[in-house]
*Asks:* 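Take a look at this one; I'll ask things after.
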Amino acid sequence: MLQVVQQLDAQLQAAMAAAFPTVVASGQPLDPQLVPASRPEFGDLQANAALALARPLGQKPRAIAEAIVAQLLQDQAFTALCLPPEIAGPGFINLTLRPERLAAEVQARLGDPRLGVPETAAPATVIVDFSSPNIAKEMHVGHLRSTIIGDCLARVLEFRGNRVLRLNHVGDWGTQFGMLITHLKQVAPEALTTADSVDLGDLVAFYREAKQRFDSDGAFQATAREEVVRLQGGDADSLRAWGLLCDQSRREFQQIYDRLDIRLNERGESFYNPLLPAVVADLRSAGLLVEDDGAQVVFLEGVSGKDGRPMPLIVQKSDGGFNYATTDLAAIRHRLDADGAGRVIYVTDAGQASHFAAVFQVARRAGWIGDDHRIDHVPFGLVQGDDGKKLKTRSGDTVRLKDLLDEAVERATADLQRRLTDEGRHEDEAFITQVATTVGLAAVKYADLSTNRITNYQFSFDRMLALTGNTAPYLLYAVVRIAGIARRGGDLAATAGPALSFSEPQEWALIRELLRFDTVVVEVEHELLPNRLCSYLFELSQSFNRFYDQVPVLKADDPARSSRLALCRLTADTLRLGLSLLGIPTLERM
RNA sequence: GGGGCUGUAGCUCAGCCGGAUAGAGCGACGGUUUCCUAAACCGUAGGUCGUGGGUUCGAGUCCCGCCAGCCCCGCCA
C-alpha cells in the first residue's frame, strides 16, 4: 500500500493545486494530510487538508473539500484507483480503494518474497550497539531488553537493505578487572593461569567479594588500581589472566545468544584502548578540554549541575586513567571513520540518556559527527516484577537470564503437556521439546517487544504465556491453523489459478490488514519501535481468526476456494516474515 | 536544586504529522462446536486520558504551571 498511498498523495496534491492556484502562487506547501481512515465505515484513507485550509482561504471547509473532490474526479488515474470520494463531517474527504485494485495488490504480493516492502532508497552502513554484558558477570534480566530490542531493530534495518553491523560492546576493561584479578591472585590463583578451573558462577561470587573488599579496604583498593595499570600497560601475566576470564564469559554469553538466535560481533571496551589517548589529545587541540579538579573535562553546553555551574564530561581521570566516556567517544570516531557508518544506534536503558546526550554533544562539537551522520540513543525502560519494582528473585538477587529462559520453557512444557492430556493427544518427546522451546522463548521475546520500549515493562510469565490475547502463542497458533489447512489438502503453493474473487466482509478486512505490512515495516525502521510491528501482527492474526472462523476455505467452490487459499498463504507468509523480523521462529503444529 | 521518563478502563498496555463517537487484551458477565486444531469466534459492562491554565476551527496528542512515581546528575558503566 506504500505505493498506492504515494500515488494518492500526488493525485491529491495535483487536485489541490488545480483547485487553489493562489495558494500555490503564495508558495505555501499543499499537504493533503492523507492518513488512514479513523474508522472502517469512512473507507480506507482520509484527507484532512480542507480543514486546515479553511482559515488561509477564508472559505468553509466543506466547500474546499468539494472543490478538491471535483478536481479529483477529473483525474482518470484517481478514478481508476478509488471509488467516488465522500465528504463527511466538517470537511473530511473519505477515500475508498476500488476492490479490484485491492485484489490486484494481493495478487502482486503472492509471488513476492519481500511482500511489498521496498529496499531503502539510500542504503547505509548502520551500527546497532546492543546487549553489552559485562565480562566475569552473568547475563541477567537487565540485558534482556537490549538484546531482544537491538536484535529486532538490526533485523528490520537489514531487511530494508542496509548493511548492518551488530556490535556487542562488552564490559571487558577497566577498574573491575583490577579488583577481580587482585582478589583471585590471593584466593584462587589457578583461575588466572588455567582455563576453566573455576566456573562462571564461582567467578561471579569472587567478583562480588572483590567488589566488597574494594569498597571497604583501602590497601586492597590501592593494589587493585596498580593491577589495572599493569593490565592497561600490557603486562603479560595480567593480560593472560584477563584473556582467560574473557574467554570463559564469552562462551557463556554465546550459549544464551545461540538459544535466542542472536548474531553479534564482539567488540568490547578493550578494543578502543589504543585509541583513547588520541581522543583526549584531539579534544585538547580542538580547544574543548579544560582541567578541573585534576581531571581533564569538557564542559557541556546547556547542562548545569547541582551548583549551577556547567556540567563536565570527564574524559581523563585525575590519576591519568580513562573512563567510559573516553571509550564511547573513541567508539563513535571509530564507527564513523573506520567502519564508515552513516548511522549508529545505541540500545541501552533510559538511565544512560544523559550520558549519551553528553557524549554525542562533545563528539559533535569536536566535529567528529557530521551533518550526514545520524546517531541515536534508543532508550528503554526497566524490567519490573509483578510488584512494580525492579525484577528480583525471591531472595533479592538479580534474575539470571539463563534461569528466566529456562523457566519460560518449563512453563510452556507444562502447559503443552496439560493440553495434550486434556485432548487425549499423543506426541513424542522431540515434538514436545521443540514446541515448548519455541513457544517459551517466543513468549519472552514477544512480551518484551510488544510494549512501547520507552516505558518500564512489567514482566509476567503468566501473561506472556497466555494462549489468548496479544501474546506469542496467539500469533503462532494463527500460523499453525494455516499449516493445518495445507495438510488437509489446501494447496498454498499454487501461484497461478483462477483470478482472485472475494465477496465476504471478513475477506476484505483480512486483505486490508495484509496490505498494511509494508507501511508498518517502514514505520518501525523510522521510529525504531518494534511494538508497532507486534500490534500489526496481532491485528492481522485477529482478522485471520475471524475469517477462519466465519468463512469456509476448503469446503468452498472455486473461485472462492482458491482465492481464500491465496489469502491463507499470504497471511502465513506475512506472519512468518513479520515474526522473523522480531526474531521469532514459527511452528507447523503446536 | 537541575535534568529526563512516566501518569489513559479493575489489571497490563496501544493511541502515528493535532482530526469524526479515546482503542485492544486480560479479568468479569452472557453466548457459539455434526464443519479446515475452541490455543478460536460473537456479544455486554467498564473512561473527568494525573491536575489547572493556554494555543487551535479541533487537544489524550502541542505550550506553561502544579501533583505523584521512577531514573540520572565529577573521576563506575
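Letters A, B, ... mirror the listed sequences (proteins, then strands); counts begin at 1. Here the structure is a predicted model, which is why all the values come from computation and not from measurement.
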*Asks:* When you compare the side chain of A/L570 with that of A/L510, does any pair of heavy atoms fall below 4.5 Å?
*Replies:* no
*Asks:* Counting any heavy atom closer than 4.0 Å, what does A/A325 reach on the DNA or RNA strands: base, sugar-phosphate only, or nothing?
*Replies:* nothing
*Asks:* Rounding to an integer number of angstrom, what distance separates B/A59 and B/C64 when you compare their C1' atoms?
*Replies:*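 About 15 Å, rounded to a whole number of Å.
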*Asks:* Whenever both distances are under 3.5 Å in a Watson-Crick or G-U wobble pair, mark it; put RNA chain B into dot-bracket that way, with [ ] for crossing pairs and | when the partner is on another strand.
*Replies:* (((((((..((((.....[...)))).(((((.......))))).....(((((..]....))))))))))))....
*Asks:* Please classify the nucleic acid contact of A/N134 as base, sugar-phosphate, or nothing, using heavy-atom distances under 4.0 Å.
*Replies:*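 Counting heavy atoms under 4.0 Å across all strands, no contact is made by A/N134.
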*Asks:* Using a cut-off of 4.0 Å on non-hydrogen atoms, how would the nucleic acid contact of A/Y474 be classed: base, sugar-phosphate, or nothing?
*Replies:* sugar-phosphate
*Asks:* For A/R463 and B/U12, is the shortest distance between a side-chain N/O and OP1 or OP2 below 4.0 Å?
*Replies:* no
*Asks:* Checking the side chain of A/S270 only, and the main-chain atoms of A/D172 only, is there a donor and an acceptor separated by less than 3.5 Å?
*Replies:*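 No; judged by distance alone, with no hydrogens or angles, the pair does not exist.
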*Asks:* Taking B/C42 as the reference, what is the distance to B/G25 when you measure between their P atoms (whole Å, please)?
*Replies:* 9 Å
*Asks:* Check the distance between B/G27's P and A/D386's CG and give it to me in whole angstrom.
*Replies:*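 Answer to the nearest Å: 15 Å.
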*Asks:* Indicate, with a heavy-atom threshold strictly under 4.0 Å, whether A/I454 touches base, sugar-phosphate, or nothing.
*Replies:* sugar-phosphate
*Asks:* With rounding to the closest Å, how many angstrom separate the C1' atoms on B/A9 and B/A22?
*Replies:* 11 Å
*Asks:* For the base of B/G25 and the side-chain ring of A/F538, does the geometry meet a stacking cutoff of under 5.5 Å between centres and under 30° between planes?
*Replies:*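 It does not: the ring fails the test against the base of B/G25.
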*Asks:* Side chains of A/V521 and A/Y536: does their closest heavy-atom pair fall under 4.5 Å?
*Replies:* no
*Asks:* Are the side chains of A/F220 and A/H183 in touch, meaning some heavy atoms are under 4.5 Å apart?
*Replies:*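 Side-chain contact under 4.5 Å: yes.
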*Asks:* Taking the inter-plane angle between the rings of A/F360 and A/F356 on a 0 to 90° scale, is it parallel (under 30°), tilted (30 to 60°) or perpendicular (over 60°)?
*Replies:*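 The rings of A/F360 and A/F356 sit tilted, inter-plane angle from 30° to 60°.
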*Asks:* Under the criterion side-chain contact (heavy atoms from CB on, under 4.5 Å), which of A/L441, A/T438, A/V439 is the partner of A/V409?
*Replies:* A/L441
*Asks:* With distance as the sole criterion, do the side chain of A/T468 and the base of B/A39 form a donor-acceptor contact below 3.5 Å?
*Replies:*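 Side chain to base: no pair below 3.5 Å.
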*Asks:* Classify the glycosidic conformation of B/C17 as syn or anti, calling it syn when the angle lies within 90° of 0.
*Replies:* syn
*Asks:* Within the structure shown, what part of the strands sits under 4.0 Å from A/S38 by heavy-atom distance: base, sugar-phosphate, or nothing?
*Replies:*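 Base contact.
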*Asks:* Hey, what's the ring geometry for A/Y457 with A/F459, parallel, tilted or perpendicular (30° and 60° as the breaks)?
*Replies:*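 Plane angle over 60°, so perpendicular.
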*Asks:* For nucleotides 69-72 of chain B, which of its nitrogen or oxygen atoms have a protein nitrogen or oxygen under 3.5 Å away, and what is each distance?
*Replies:*
| unit_1 | atom_1 | unit_2 | atom_2 | d |
| --- | --- | --- | --- | --- |
| B/C72 | O2' | A/S354 | OG | 3.1 |

*Asks:* Would you classify A/P473 as touching base, sugar-phosphate or nothing, given that sugar-phosphate means primed atoms plus P, OP1 and OP2, and contacts are heavy atoms under 4.0 Å?
*Replies:*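 Contact class for A/P473: none.
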*Asks:* Indicate, with a heavy-atom threshold strictly under 4.0 Å, whether A/A357 touches base, sugar-phosphate, or nothing.
*Replies:* nothing
*Asks:* Could you state the atom-to-atom distance from CG of A/N531 to P of B/U6 in whole Å?
*Replies:* 13 Å
*Asks:* In this structure, which one of A/I148, A/L153, A/V378, A/N531 forms a side-chain contact (heavy atoms from CB on, under 4.5 Å) with A/R453?
*Replies:* A/V378
*Asks:* Considering only the P atoms, how many Å lie between B/C63 and B/G69, rounded to the nearest integer?
*Replies:* 24 Å
*Asks:* Tell me which residues in residues 541-550 of chain A lie within less than 4.0 Å of RNA chain B, going by non-hydrogen atoms.
*Replies:* A/Q542, A/N545, A/R546, A/Y548, A/D549, A/Q550
*Asks:* Once you round it to whole Å, what is the distance between P of B/C36 and CG of A/L554?
*Replies:* 9 Å
*Asks:* With rounding to whole Å, what would you report as the distance between B/U56 and B/U61 at their C1' atoms?
*Replies:* 13 Å
*Asks:* Using a cut-off of strictly less than 4.0 Å, decide whether A/K317 has a side-chain nitrogen or oxygen near OP1 or OP2 of B/C76.
*Replies:* yes
*Asks:* If we take the C1' atom in both B/C41 and B/U8, what is their distance in whole Å?
*Replies:*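 It comes out at 28 Å once rounded to the nearest Å.
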*Asks:* Are any non-hydrogen side-chain atoms of A/E427 and A/L416 less than 4.5 angstrom apart?
*Replies:*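 Side-chain contact under 4.5 Å: no.
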*Asks:* Write down the distance separating the C1' atoms in B/G3 and B/G43, rounded off to the nearest Å.
*Replies:*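 Each nucleotide's C1' atom is 49 Å from the other's.
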*Asks:* Between A/R564 and A/P552, is there a donor-acceptor pair closer than 3.5 Å when you use the side chain of the first and the backbone of the second?
*Replies:*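 Yes, because the side chain of A/R564 sits within donor-acceptor range (under 3.5 Å) of the backbone of A/P552.
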*Asks:* Tell me whether the side-chain N/O atoms of A/R39 come closer than 4.0 Å to OP1 or OP2 in B/G23.
*Replies:* yes
*Asks:* Could you tell me whether the phosphate oxygens of B/A38, OP1 or OP2, come under 4.0 Å of any side-chain nitrogen or oxygen in A/R419?
*Replies:*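 So the side-chain polar atoms of A/R419 never come under 4.0 Å of the phosphate oxygens OP1 or OP2 of B/A38.
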*Asks:* Over how many whole Å does the gap from A/N470 atom CG to B/C26 atom C1' extend?
*Replies:* 11 Å
*Asks:* Measure from CG on A/N323 to P on B/C73 and round the result to the nearest Å.
*Replies:* 13 Å
*Asks:* Would you confirm whether the ring centroid of A/H355 sits within less than 6.0 angstrom of the ring centroid of A/Y324?
*Replies:* yes
*Asks:* So which one's nearest nucleotide on RNA chain B is more toward 5', A/R481 or A/V297?
*Replies:*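 Taking each residue's closest nucleotide, the earlier one in sequence belongs to A/R481.
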*Asks:* Does atom CD of A/E504 have more than 12 heavy-atom neighbours, drawn from other residues, nucleotides or ligands, at distances under 6.0 Å?
*Replies:* yes
*Asks:* With a 4.0 Å limit, can you tell me whether A/R532 has a side-chain N or O closer than that to the phosphate oxygens OP1/OP2 of B/G15?
*Replies:*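 Checking A/R532 against B/G15: at least one side-chain N or O falls below 4.0 Å of OP1 or OP2.
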*Asks:* Could you check whether A/V522 gets within reach of a base, just the sugar-phosphate, or nothing at all, counting any heavy atom under 4.0 Å?
*Replies:*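 Nothing, no heavy atom under 4.0 Å.
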*Asks:* With a 4.0 Å cut-off, would you call A/D215 and A/K211 a salt bridge?
*Replies:*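 Salt bridge: yes.
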*Asks:* Quick check against the 3.5 Å criterion: does A/N323 have a side-chain atom that pairs as donor or acceptor with the backbone of A/I314?
*Replies:*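 Checking the backbone N and O of A/I314 against the side chain of A/N323, a donor-acceptor pair under 3.5 Å is found.
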*Asks:* Using whole Å, report how far CG of A/L528 lies from P of B/C16.
*Replies:* 16 Å
*Asks:* Take the protein atom CG of A/L51 and the nucleotide atom P of B/G18, then report the distance between them rounded to whole Å.
*Replies:* 15 Å
*Asks:* Return the value, rounded to whole Å, for the distance between atom OH of A/Y324 and atom C1' of B/C73.
*Replies:* 10 Å
*Asks:* Could one point to a donor on the side chain of A/Q46 or the base of B/A20 with an acceptor on the other under 3.5 Å away?
*Replies:*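 By the distance-only test, yes, there is a pair.
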*Asks:* Would you say A/Y207 reaches B/C76's phosphate, i.e. side-chain N/O to OP1/OP2 under 4.0 Å?
*Replies:* no
*Asks:* If you count heavy atoms of other groups shown closer than 6.0 angstrom to CD of A/Q361, is the number above 12?
*Replies:* yes
*Asks:* Please give the distance between the P atoms of B/G7 and B/A14 as a whole number of Å.
*Replies:* 8 Å
